[in-house]
Structure formats: structure tokens, C-alpha cells
Amino acid sequence: MKMNHRPLPIEFYYQPTLELAQSLLGCLLIHETPEGIAAGYIVETEAYMGAGDRAAHSFGNRRTRRTEVMFAEPGRVYTFVMHRHTLVNVVSGAVEVPEAILIRALDPLEGLDLIGERRAGRKRGEWTNGPGKLTEALGITMEDYGKKFTERPLFISSGYSPEDISSGPRIGIENTGEARFRPWRFWVTGNHNVSK
DNA sequence: CTTACGATGTCCT
DNA sequence: GGACATCGTAAGG
């Protein structure tokens, strides 16, 4: 089970955001902490398309302390807090192009005991099947804001190539006009850890 | 300083 | 399917 993972190179992140959102499916998200290593395959993502996307925090190039990292080079870690949950994004798009990809669900692979502790009281199928759940499972917090996915301790490595990818409207953005209908959510077809 | 509000999760019916 | 917890961020006074 214990594999020798290493971060994907920065070049991986230099592809159009909608392609990167699909390329990330099947990749491993790994977090090494003092408590141990926890990792899972990415099985669901959502693209946020920057200045022209009403659902994006960076809509209209809105630039604040929170969105600042979206304007940096791709491959950075964008974390933000939603109610009491931390959500994690992969920054994409060139410098000054504030696009990002939300990681919505994982398939747990490594550190299952640790993940079970962090998600104590929940059934195994509820460990990482949502954007706020997976950050708790991997111990991702606002401390990780601005870090690079190309470096430890929080990084992305290659995993497997999904047989089939599905797409559809994004979740939880009912109040964003036409943007809500854009099919910018992607998931591994048939995977049962996709969020509900 | 004050206020409003979510890219959510959980519990209840 | 609906209520609501709970808090950092953003914006305005």
C-alpha cells in the first residue's frame, strides 16, 4: 500500500483550466503531517473561470486578501473557509488570470486509520465525499493558503487514468445567474465518493 | 466597529 | 427536503 509518491511538476498546471480540472481526476492528493500521511484519489472537481464567471470569488477581477493567490501562477493552494469548513482549490490560469479548481471529493487510499480518526463518528462512505469533508480528512487548513502543490507536505501526484469522465452544473451556486448552468463540474463516472 | 453572507455539513422529519 | 450552526471575509459607516 505504501507507495513512493512524488509531486507532479509545475508544467502539469500549465494547461487550460477546463482541461486541468479533468486531468486532476484520478490524481492523488497527499498531505504529510506530524500525525502521519493521508491521501486519496481526486474523483470530483469544479472549475471557477475567473473574471467572467459570476460564481467565482474573483469575478470582475475582484482582488482581496482572500482572492490574492488566485492571481498567482498555477499550482498554488487556495484555501478558504465556508461556514466552519475549509475548502481547497488548485490555482490555475496564468499569472494575473484568477482561475481555480475546487477539489470536491476523494477516494481514500492511504492513512485510512488517520482519516477515520479525523472523521470520527462518520461512516466510511462519508469520509471524503464533499469539499469540506475531505479537508478535514486530510488535515488541510488555512495554514496551507498560498503553498505549492508541487512541494511537500501538501502535494499532488499522478494516480490512475479514469475510464470515463462525466460533467454537469456546479453545486451550491444557485444565486449566480447564468453561471449556475455552466457544466464546469467534473467527476469520475460511477464513482460512489462523488458528493451529493 | 458593525453587519451580512456564503463554492457546506449534519441532523431532523 | 428543510432548518440551522457558526465564522472568516468583505464592505460600508
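Each chain gets a letter, A, B and so on, in the order its sequence line appears, and its residues count up from 1. What you see below is based on every heavy atom in this structure, not just the backbone, and it leaves out hydrogens, waters and symmetry mates.
- A salt bridge (Lys or Arg N to Asp or Glu O under 4.0 Å) check over residues 76-92 of chain A, counting only residues at least two apart or in different chains, returns the pairs A:E73-A:R76.
- Under the salt bridge (Lys or Arg N to Asp or Glu O under 4.0 Å) criterion, A:E68 pairs with A:R63, sequence neighbours left out.
- Not a single side chain to side chain contact (heavy atoms under 4.5 Å, CB included) links A:R6 to another residue, sequence neighbours left out.
- Side-chain contact between A:L29 and A:L106: present, with at least one pair of heavy atoms (C-beta onward) separated by less than 4.5 Å.
- Looking at residues two or more places apart in sequence or on another chain, you find a side chain to side chain contact (heavy atoms under 4.5 Å, CB included) between A:E151 and A:K148.
- Residue A:L102 is the one, among A:E126 and A:L102, whose nearest nucleotide of DNA chain B lies closer to the 5' end (criterion: closest heavy atom).
- The outermost nucleotides of DNA chain C lying under 4.0 Å from heavy atoms of chain A, listed 5' to 3', are C:dA5 to C:dA11.
- At a non-hydrogen distance threshold of 4.0 Å, nothing from residues 59-68 of chain A comes into contact with DNA chain B.
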Exercise answer: donor-acceptor pairs, residues 185-196 of chain A side-chain atoms, under 3.5 Å, sequence neighbours excluded:
residue	atom	partner	partner atom	Å
A:R185	NE	A:E44	OE2	2.6
A:R185	NH2	A:E44	OE2	3.0
A:T189	OG1	A:D164	O	3.1
A:T189	OG1	A:S166	N	3.3
A:T189	OG1	A:S166	OG	2.7
A:N191	OD1	A:N193	N	2.7
A:N191	ND2	A:D107	OD2	2.9
A:N193	ND2	A:D107	OD1	2.5
A:S195	OG	A:E44	OE1	2.9
A:S195	OG	A:E44	OE2	3.0
A:S195	OG	A:R104	NE	3.3
A:S195	OG	A:R104	NH2	3.2

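- Comparing A:M142 and A:R84 against DNA chain C, the residue whose closest nucleotide sits nearer the 5' end is A:R84.
- Within 4.0 Å (heavy atoms only), A:R185 reaches no atom of the nucleic acid at all.
- Applying the salt bridge (Lys or Arg N to Asp or Glu O under 4.0 Å) test to A:R124 and every residue at least two apart in sequence or in another chain returns nothing.
- Qualifying side chain to side chain contact (heavy atoms under 4.5 Å, CB included) partners for A:V77, counting only residues two or more places apart in sequence or in other chains: A:T79, A:V88, A:D144, A:K147, A:F149, A:L154.
- Within the 4.5 Å cutoff, no side-chain heavy atoms of A:P169 are placed close to those of A:W184.
- Residues in residues 46-58 of chain A take part in these side chain to side chain donor-acceptor pair (under 3.5 Å) pairs, two or more places apart or across chains: A:E46-A:Y48, A:D53-A:R170, A:H57-A:Y78.
- Side-chain contact between A:V91 and A:Y13: absent, with no pair of heavy atoms (C-beta onward) separated by less than 4.5 Å.
- Taking 4.0 Å as the cutoff to heavy atoms of chain A, we find the contact window on DNA chain B bounded by B:dG6 to B:dT10.
- Residue A:E143 qualifies as open at atom CD: its count of foreign heavy atoms under 6.0 Å is 12 or below.
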Given pairs defined as Watson-Crick or G-U wobble with both distances under 3.5 Å, what dot-bracket annotation applies to DNA chain B, with ( ) intrastrand, [ ] crossing, | other strand and . unpaired?
||||||.|||||.
